[in-house]
Structures are given as structure tokens and as C-alpha cells.
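Each chain gets a letter, A, B and so on, in the order the sequences are listed, and its residues count up from 1.
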Amino acid sequence: MTKITFKKGNDFYEQVYQVVSLVPFGRVTTYGAIARYLGSAQSSRVVGYAMNNSHARVPKVPAHRVVNRNGMLTGKHFFGSDNAMQRMLEAEGIIVENDTVMSFTALFWDPAVYLL
DNA sequence: AAGGTGACAGTTT
DNA sequence: TAAACTGCCACCT
């Protein structure tokens, strides 16, 4: 009886990575949306925490497409340079100004809506 | 084993 | 309207 246990990152983490990987090119989503889609609407902080380890993940999850509910790049500091996250987003056609995604509501991709 | 931390979010001043 | 406070849940020391 071998119960598979992940030393780090429960299913929750895996699911977070999964959802983030599904965010389409040029779109963004929020921590809260992901948490809600996974059934834990109040675990948004945990989602952010999961992203912390996302860099160690392969394939690398597009963590730059995840922002907070205001469209603010709160996690930009976790990318090499301070404006690395912004540049990645801009490379996808997303306008970032003052650490905030412009037209955020239009670019917002809600997994609960587009995912089954 | 217990307490502290955080890439958030919602509510209250 | 903007700033501050509180709840939340998994991880780390």
C-alpha cells in the first residue's frame, strides 16, 4: 500500500501550476481566480506562495501572467530583474504601466469561466 | 510542536 | 477615495 506523497507541493500546488500553464498567451489571471477555481476561494495567498516555487518547476509556468485582483505586478520582484516580469508581459502585447496591467479587465482570463 | 510568514482579497475606517 | 485591518491556508524555521 504505497500512498504517493509529494515531499513538497500537494495536489493543490500541482493544480495551481496546471491552471497557470493554461493561461493563454497575451492574457492574465489573478491569484484569487485560481484559488476560487480550485475550490478554495480563500486560499489566494497560498496560490501566490505556490508560485514562489514555480521557478523550480519544469516546464516553467508562466507566472508572469498571474497578477493580483488589481492587475498589479505584485510578484515582479521574484523575477530576476525588477522589470523582467513587465518585459515578459509586454512581449505578449500586454501594456504595463506603473506596475499595473492596462485594460486588465479586458485581458483577464478567468479559469472558472474558460475552463471546465 | 508552535509560531511566524506571505506573489491575496474582502471589509471596515 | 484611499489607507488600514483582518481572515485565510499551506509552508518554513
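- The interatomic distance linking A:L38 (CG) with C:dC9 (C1') rounds to 13 Å, in whole Å.
- Residues satisfying the ring-ring contact (aromatic ring centres under 6.0 Å, His included) test with A:Y17, not counting sequence neighbours, are none.
- In this view, A:H55 and A:F79 satisfy the ring-ring contact (aromatic ring centres under 6.0 Å, His included) rule, not counting sequence neighbours.
- A:M72 places its CE atom 11 Å from the P atom of C:dA3, with the value rounded to the nearest Å.
- In terms of the salt bridge (charged side-chain N to carboxylate O under 4.0 Å, His left out) criterion, A:D82 has no residue partners (sequence neighbours excluded).
- Across the protein-nucleic acid pair, A:Q42 atom CD and C:dC8 atom C1' stand 6 Å apart, rounded to whole Å.
- Interface residues of residues 93-110 of chain A facing DNA chain B, ordered by number: none; criterion, heavy-atom separation under 4.0 Å.
- Near DNA chain B, defined here as any heavy-atom distance below 4.0 Å, the residues from residues 76-83 of chain A are A:F78, A:F79, listed numerically.
- One atom, NE2 of A:H64, and another, P of B:dA7, lie 19 Å apart when rounded to the nearest Å.
- Here the P atom of nucleotide C:dA10 and the CG atom of A:N52 are 17 Å apart, to the nearest Å.
- Atom-to-atom, CG of A:N53 to C1' of C:dC12 comes out at 12 Å; the value is rounded to the nearest Å.
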Output one letter per nucleotide in nucleotides 8-13 of chain B: B when a protein non-hydrogen atom lies under 4.0 Å from the base, S when only the sugar-phosphate is that close, - when neither is. BSS---
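- Between A:F12 atom CZ and C:dC8 atom C1' the separation is 11 Å, expressed in whole Å.
- Across all strands shown, A:H55 has heavy atoms under 4.0 Å from base atoms, whether or not it also approaches the sugar-phosphate.
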